[in-house]
2 protein chains.
Amino acid sequence: MRVVTWNLNGIRAAHRKGLDDFIEKIDADIMLFQEVRALPEQMPKDWSEPEGYELIWHPADKKGYSGVMSCSRIEMDEIERGIDTNLDDSRDPEGRVLVTKHGNLSCINMYLPNGSSRQERQDYKDQWLEDMLDWSRKFVESKEPALLCGDLNIAHTENDIWNPKGNKRTSGFLDNERQWFDRLIDIGWEDLLRNHLGPIKGPYSWWSNRGRARELDRGWRIDYILANPAASETFISAEIIREGGLTVSDHAPVVADFADE
Amino acid sequence: MRVVTWNLNGIRAAHRKGLDDFIEKIDADIMLFQEVRALPEQMPKDWSEPEGYELIWHPADKKGYSGVMSCSRIEMDEIERGIDTNLDDSRDPEGRVLVTKHGNLSCINMYLPNGSSRQERQDYKDQWLEDMLDWSRKFVESKEPALLCGDLNIAHTENDIWNPKGNKRTSGFLDNERQWFDRLIDIGWEDLLRNHLGPIKGPYSWWSNRGRARELDRGWRIDYILANPAASETFISAEIIREGGLTVSDHAPVVADFADE
DNA sequence: CATGAGAAG
DNA sequence: CTTCTCATG
């Protein structure tokens with residue numbers, strides 16, 4: 001079974017740039033997209049839903065902003081939207097969390113807030129991190145397999161960012177964010193790609209559009225597939241796909257393969 | 001002496017699409033641009049002022065909106081901005097009128113309000129028409145030559161619009177607007193291109209971006225070079241340039257040639 | 001249908 | 001530097 005997570009930075013722009021070719025080529029069973037930035041009814045007429053997949057959209061209230069969408073070839077049930085939160089928006093108005101169940105596997109499709117615009121958004125992100133950690137316990141502790149996938153907007157270690165020194169004060173690589181990530185691992189979420197590759201520099205999943213960051217591979221790893229112990233048991237391999245999806249989004253897709261039983 | 005008037009629909013977009021080539025090719029002495037939609041300091045660094053010309057910018061207060069700019073190879077003095085108006089904006093905050101003098105020739109660079117968005121703007125346009133007519137008398141009555149050039153946002157006669165029947169209720173071809181244009185001619189402004197070509201269908205200077213209006217030449221003539229009697233004496237010829245400037249703006253440039261003495 | 005601003009990332 | 005919306009034409 002193959003799972004893909006990808007921040008599309010606008011599914012309409014991604015579609016123009018060849019998303020369909022990627023979907024065909026990658027041949028995944030479950031695809032979790034973030035930053036879809038559209039309602040289904042806003043899709044152009046030359047677009048059609050990927051054949052053979054069921055789709056569940058969870059857009060933000062605000063048009064053109066955020067939103068996630070999950071796609072499955074395996075029969076899928078919607079479990080919940082949003083996290084239990086102290087921020088008074090349990091409706092998840094920013095379209096950040098969609099949980100679906102595929103057989104006994106739970107998939108959390110998550111787009112964590114970005115804190116880089118203003119302090120107010122960093123405060124929002126920080127509160128979100130606390131709420132999300134507690135909320136995620138029921139999944140990580142489950143005897144059934146669960147995956148936490150998406151754009152977490154945090155690079156965990158110095159290996160997960162090209163320029164660690166220069167970004168000590170940048171949202172996404174702040175000490176408190178990295179410590180939060182340690183706690184996420186402590187409660188049982190396993191970073192499949194990192195465990196698979198070991199403590200090497202990179203690979204990255206996002207590159208700034210400024211300068212020639214992508215060309216020079218000066219990126220961040222902020223897109224993850226995390227697994228609870230039950231899901232880890234069947235894990236085979238994981239990778240970040242740099243070629244192919246190259247010009248579709250400023251993020252690269254992350255793929256993981258699991259044994260079918 | 002050659003004069004050009006052209007609504008650029010954004011000088012930055014026009015520059016990307018080859019404005020410089022046009023300027024080089026047309027070899028005009030005076031160029032009057034409307035809907036510049038930029039401050040000089042917003043121009044990209046790969047832009048440089050047309051060589052051999054002096055420039056006067058008259059932008060709107062509101063960024064990215066309206067604004068005219070006059071360009072002259074002949075020494076030029078600024079005479080006034082805006083029209084004497086009953087609307088309490090004699091500062092011309094929408095950047096619609098710039099009068100310059102080149103030797104004894106006065107050039108009015110005008111971008112008349114568009115009334116198509118809401119009734120409020122049509123009312124504004126109607127008031128503007130009244131004020132402008134009175135204001136223009138001093139130029140039309142002068143013994144010195146004067147030109148009134150620009151996007152007047154009105155098609156005068158049925159020859160000046162591809163679909164007169166279908167646009168009887170469209171701003172820019174309303175009865176009161178066309179009657180106002182009659183009065184403009186009555187007070188002495190001469191429509192050089194129309195007088196030159198006679199009462200034929202067309203040519204047009206603007207085409208909607210919808211459908212294939214330009215390709216099918218379903219346009220409007222709303223850009224004019226009008227002359228007072230003194231300027232008309234030296235008039236040689238006029239035309240609307242369809243080729244060349246084709247993809248630079250949704251308007252085509254209007255050119256007129258005058259004898260040097 | 002296109003321009004440009006502006007919010008957001 | 002790019003996405004998308006929105007106002008304006």
Side-chain angles (χ1 to χ4, degrees), chain A residues 7-17 19 34-39 42-44 59-67 94-96 111-118 120-122 124-125 151 153 170-172 206-215 218 220 222-223 247-251, chain B residues 7-17 19 34-39 42-44 59-67 94-96 111-118 120-122 124-125 151 153 170-172 206-215 218 220 222-223 247-251:
Chain A
N7 176 318
L8 296 178
N9 192 23
I11 192 173
R12 285 172 290 182
H15 170 245
R16 282 197 300 274
K17 298 175 185 167
L19 173 61
Q34 302 87 41
E35 240 192 317
V36 165
R37 305 178 75 169
L39 302 169
Q42 291 177 309
M43 295 305 291
D61 288 352
K62 182 175 176 171
K63 270 194 191 174
Y65 177 70
S66 186
E94 296 191 357
R96 297 194 172 276
Y111 175 41
L112 215 141
N114 183 314
S116 62
S117 51
R118 7 181 203 119
E120 184 193 343
R121 290 303 288 175
Q122 185 62 42
Y124 184 82
K125 179 179 184 178
D151 177 357
N153 260 319
T170 310
S171 175
W206 174 80
W207 303 264
S208 165
N209 275 320
R210 313 198 189 171
R212 295 175 304 150
R214 188 154 191 166
E215 183 186 337
R218 299 179 173 180
W220 301 45
I222 58 182
D223 301 274
T247 50
V248 170
S249 163
D250 54 346
H251 292 248
Chain B
N7 177 318
L8 296 179
N9 191 24
I11 192 173
R12 286 171 289 181
H15 170 245
R16 281 197 301 273
K17 298 175 186 168
L19 172 61
Q34 301 88 40
E35 241 193 315
V36 166
R37 305 178 71 170
L39 303 169
Q42 291 177 309
M43 295 305 290
D61 288 352
K62 180 175 175 169
K63 272 196 193 169
Y65 177 71
S66 186
E94 296 191 358
R96 299 196 171 275
Y111 176 41
L112 215 139
N114 183 312
S116 61
S117 51
R118 353 173 218 126
E120 183 193 342
R121 290 302 288 174
Q122 185 62 42
Y124 183 81
K125 179 179 185 178
D151 176 357
N153 262 319
T170 309
S171 175
W206 174 81
W207 302 265
S208 165
N209 274 320
R210 311 196 189 176
R212 295 174 304 149
R214 188 152 190 167
E215 184 187 336
R218 299 180 172 180
W220 299 47
I222 58 181
D223 301 274
T247 51
V248 170
S249 162
D250 54 347
H251 292 247

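Predicted model, so just to flag it, every value in this text is computed and none were measured.
- Listed by chain and residue number, B/Asn7, B/Glu35, B/Arg37, B/Ser249, B/Asp250 satisfy the side chain to side chain contact (heavy atoms under 4.5 Å, CB included) test with B/Asn9 (two or more places apart in sequence, or in another chain).
- Taking B/Ala60 as the reference, B/Tyr65, B/Ser66 meet the side chain to side chain contact (heavy atoms under 4.5 Å, CB included) condition, with sequence neighbours excluded.
- For B/Thr170, the side chain to side chain donor-acceptor pair (under 3.5 Å) criterion is met by B/Asn167, not counting sequence neighbours.
- When rounded to the nearest whole Å, the span between NE2 of B/His15 and C1' of C/dT3 equals 16 Å.
- Separating the CD atom of A/Gln34 from the P atom of C/dG9 is a distance of 14 Å, rounded to the nearest angstrom.
- Atom-to-atom, CH2 of A/Trp206 to P of D/dT3 comes out at 14 Å; the value is rounded to the nearest Å.
- A search for side chain to side chain contact (heavy atoms under 4.5 Å, CB included) contacts involving A/Pro113 returns A/Arg96, A/Arg121, A/Tyr124, A/Lys125, A/Trp128, not counting sequence neighbours.
- Under the side chain to side chain contact (heavy atoms under 4.5 Å, CB included) criterion, A/Arg210 pairs with A/Ser208, not counting sequence neighbours.
- Per the geometry, CG belonging to A/Leu8 stands 17 Å off P belonging to D/dT2, to the nearest Å.
- Rounded to whole Å, the distance from NZ on B/Lys17 to C1' on C/dG4 is 12 Å.
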Practice problem: For each nucleotide in nucleotides 4-9 of chain D, reading 5' to 3', give B when a protein heavy atom comes within less than 4.0 Å of its base, S when such contact involves only the sugar-phosphate, and - otherwise. | Solution: SS--SB

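- Counting only heavy atoms from C-beta outward, the side chains of A/Gln34 and A/His251 never approach each other to under 4.5 Å.
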